[in-house]
Amino acid sequence: MHTTTRFALLVEERRWDSYEVFCIQFARAAARAAEKENNPRLASTDVARSTYARWMGRKGTAQSTPRLDASLVLRHMFNMSTERLFEPIDPSLRTSGHLNIAPAPPIEALGFDDPLTIVRQTHRLTGSNADNPVLGMVKGSIASIVARYETLGPQHLAGEARIIRETLHGILAGHQPPRTRTELFRLASQASGLLGYMAVNAGAPYEVVDAYCAESESLAREIGEVPMEMWATGTRSLGLYYQKRYAEADDAASAGIALAPDHPQAIRLLVNGRARALARIGDRAGAETAIGHALELSDRQTSLPDGLTSCISFEPYSMARSLANAITARLSLGDTSRVLAHADQIEELVEHSQSEWSRALVGLDVASALLKQGSPEIEHAMALGRRALRSGTGRPIKSVWARAVELYQNAEQWHKEAEVGDYAEELRTWQSQPQVGMIAVGSLSQITP
């Protein structure tokens with residue numbers, strides 16, 4: 001006599017005899033079992049297609065009984081032991097009533113969907129065109145750009161960032177479950193944010209900076225990623241600063257701070273955004289207040305990065321980078337003694353930093369302070385300026401160029417001094433390099449040799 005198992009009959013009676021439908025029911029039972037048995041591991045229990053075929057006694061497979069975890073899930077799924085569940089029985093019991101399962105009426109008569117249709121619809125909703133390897137590849141690419149940025153500069157890395165952004169936009173045009181889509185939005189916000197920052201450094205028109213920053217902010221806002229929105233707002237402020245639109249730069253930074261005043265990302269907005277912009281428009285009290293708040297907020301943090309992180313990093317500002325920005329703000333205020341004091345505080349970190357741009361920028365600020373102090377040190381200042389140029393000209397960026405030109409403007413009254421002439425000549429030589437391009441806005445041809 002042909003026999004089957006109570007399991008196979010029950011599965012068929014409940015219309016779970018499609019592997020996909022059975023897996024949906026099994027997953028639900030696994031979640032219940034994990035809770036009832038106080039064993040979270042059970043929630044991840046699954047059934048391979050070949051195992052399901054063996055349980056069902058399908059042609060070409062040998063029947064087998066479940067192992068421990070699957071056995072516990074099946075007990076909660078059918079409310080009986082696996083011994084009884086896989087007991088051989090006569091198939092005639094299907095209609096004898098011994099299984100205590102009434103014949104199911106036709107699905108159409110009840111007005112419900114076909115189970116296979118439900119499965120297909122579920123797969124369409126929960127399926128994704130972005131699996132974990134894809135997300136990992138994108139995360140790794142973004143981290144790699146940040147790590148290499150101060151070595152290669154925007155001219156070499158903007159193309160990579162554009163490819164990442166375009167790739168993410170293409171993926172987002174497909175289907176993903178909510179958690180995956182949220183992660184894609186976060187990564188896309190980072191990609192457009194990187195491009196916005198690169199556009200500032202490369203001297204691109206502000207409209208380009210604004211467009212990238214607006215995209216980054218919008219994507220971050222959609223998923224409630226406040227730190228990333230603050231970072232993008234800070235980059236917008238930076239772009240406005242180098243357009244000499246200082247009041248707007250301060251407004252942008254203030255809007256970013258308002259999102260989360262006590263978040264570590266506010267440090268950058270305070271000292272790089274507000275303090276430097278306010279110093280440029282002569283608001284000494286406002287600039288000093290912003291610097292004070294930034295340093296106070298830094299003191300309250302327990303896990304700020306050490307040293308000088310990459311300028312394009314998504315991490316909060318380290319104390320050294322905050323002081324480097326305070327130097328720039330206080331130079332604009334004419335507070336040369338505090339500029340030199342801050343420079344002494346971070347001198348060793350700057351000298352041992354892998355950031356050539358940071359060395360160049362701090363060096364140029366210190367050189368300008370030496371010229372602006374009560375007893376100008378022209379020779380020392382010009383020597384620092386030439387050294388800074390050699391650190392920052394290999395991969396030119398807007399901020400180094402602007403600071404280098406300002407140093408010459410501060411020294412112009414001593415243009416007859418040989419040291420000033422040497423510095424001017426080195427600056428003109430840098431401007432003549434093809435890769436400087438749009439960064440060197442304006443000509444230095446009128447500099448007196």
Side-chain angles (χ1 to χ4, degrees), residues 150 201 234 237-238 241-242 246 249-250 253 267-299 304-311 313 316-353 355-374 376-377 380-389 391-392 397-411:
E150 294 202 17
N201 284 168
S237 175
L238 185 69
Y241 177 87
Y242 282 110
Y246 302 123
D250 177 50
I267 299 169
R268 174 178 179 240
L269 289 160
L270 285 162
V271 74
N272 178 274
R274 295 212 68 198
R276 300 200 317 169
L278 290 170
R280 287 287 187 171
I281 59 180
D283 185 349
R284 176 178 295 275
E288 289 291 354
T289 298
I291 293 171
H293 283 172
L295 298 181
E296 178 190 358
L297 184 55
S298 297
D299 285 337
L304 288 180
D306 295 324
L308 282 166
T309 55
S310 169
C311 62
S313 171
Y317 265 17
S318 65
M319 180 61 81
R321 190 161 287 284
S322 293
L323 289 175
N325 280 269
I327 287 172
T328 304
R330 285 180 167 144
L331 179 64
S332 297
L333 295 172
D335 192 351
T336 57
S337 62
R338 297 185 80 179
V339 167
L340 298 175
H342 286 326
D344 284 342
Q345 284 180 265
I346 62 174
E347 181 180 10
E348 187 173 349
L349 285 174
V350 172
E351 287 301 314
H352 292 90
S353 169
S355 172
E356 291 184 0
W357 293 334
S358 294
R359 287 197 294 274
L361 291 168
V362 172
L364 289 165
D365 279 345
V366 170
S368 287
L370 291 173
L371 293 179
K372 289 183 173 185
Q373 65 183 352
E377 299 179 34
H380 187 190
M382 293 299 95
L384 283 178
R386 290 195 302 275
R387 181 183 175 191
L389 284 182
S391 292
I397 57 172
K398 181 78 173 179
S399 54
V400 174
W401 170 258
R403 212 78 60 87
V405 171
E406 285 184 4
L407 175 59
Y408 176 76
Q409 291 168 345
N410 291 328

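If you read the sequence from its start, that first residue is 1, and numbering goes on from there. Computed from a predicted model, the values in this text were never measured in an experiment. Just the heavy atoms: all of them, side chains too, but no hydrogens, waters or symmetry mates, feed the values below.
Residues forming a side chain to side chain donor-acceptor pair (under 3.5 Å) with Arg330 (at least two apart in sequence, or on another chain): Glu288, His342. Take Asp283 and apply the side chain to side chain donor-acceptor pair (under 3.5 Å) test, not counting sequence neighbours, and it matches no residue. Listed by chain and residue number, nothing satisfies the ring pair (Phe, Tyr, Trp, His ring centres under 6.0 Å) test with Tyr242 (two or more places apart in sequence, or in another chain). Here Glu377 pairs with nothing under the salt bridge (Lys or Arg N to Asp or Glu O under 4.0 Å) rule; sequence neighbours left out. A search for salt bridge (Lys or Arg N to Asp or Glu O under 4.0 Å) contacts involving Arg359 returns nothing, not counting sequence neighbours. A search for side chain to side chain donor-acceptor pair (under 3.5 Å) contacts involving Asp250 returns Arg274, not counting sequence neighbours. In this view, Glu347 satisfies the salt bridge (Lys or Arg N to Asp or Glu O under 4.0 Å) rule with no residue, not counting sequence neighbours. Looking at residues two or more places apart in sequence or on another chain, you find a side chain to side chain contact (heavy atoms under 4.5 Å, CB included) between Ser368 and Leu331, Leu407, Asn410. A search for salt bridge (Lys or Arg N to Asp or Glu O under 4.0 Å) contacts involving Arg386 returns nothing, not counting sequence neighbours. Residues passing the side chain to side chain contact (heavy atoms under 4.5 Å, CB included) test with Ser310 are Val146, Tyr149, Glu150, Ile312, Ser313, sequence neighbours excluded. Annotation: side chain to side chain contact (heavy atoms under 4.5 Å, CB included) contacts of Ala249 (sequence neighbours excluded): Ser237, Leu240, Tyr241, Ala277. In this view, Ile267 and Ala294, Leu297, Ser298, Gln301, Leu304, Tyr317, Ser322 satisfy the side chain to side chain contact (heavy atoms under 4.5 Å, CB included) rule, not counting sequence neighbours.
Note that the CZ atom of Arg276 and the CG atom of Leu238 stand 6.0 Å from one another [nearest 0.5 Å]. With rounding to the nearest 0.5 angstrom, the CG atom of Leu270 is 11.0 Å from the CG atom of Asn325. How far CE of Met382 is from CG of Leu370: 9.0 Å, rounded to the nearest 0.5 Å. Note that CZ of Arg280 is 10.0 Å distant from CG of Leu333, once rounded to the nearest 0.5 Å. Distance check, rounded to the nearest 0.5 Å: CD1 of Ile327 to CG of Asp335 gives 11.5 Å. From Leu384, atom CG reaches atom CG of Leu389 across 11.0 Å, with rounding to the nearest 0.5 Å.
Ala326 and Val271 get closest at one heavy-atom pair: N-CG2, 3.8 Å. Closest heavy-atom contact between Ser332 and Ala279: CB-CB, 3.8 Å. What you find for Arg321 and Cys311 is that their closest heavy atoms are NH2-N, 4.0 Å. The two residues Pro305 and Ser318 have their closest heavy-atom pair at O-CB, 3.1 Å. Across every non-hydrogen atom of Leu269 and Gly234, the tightest pair is CD2-CA, 3.4 Å. The two residues Leu364 and Ala404 come nearest to each other via the heavy atoms CD1-N, 3.8 Å.
Side-chain contact between Gln373 and Leu340 is present, with at least one heavy-atom pair separated by less than 4.5 Å. Between Leu295 and Leu323 there is a side-chain heavy-atom pair separated by less than 4.5 Å. Counting heavy atoms from C-beta on, the side chains of Asp299 and Met319 come closer than 4.5 Å. In this structure, the side chains of Thr328 and Arg403 come closer than 4.5 Å at one or more pairs of heavy atoms.
By the neighbour-count criterion of 12 heavy atoms within 6.0 Å, atom CG of Asp306 is sparsely surrounded, having that number or fewer from other residues, nucleotides or ligands.
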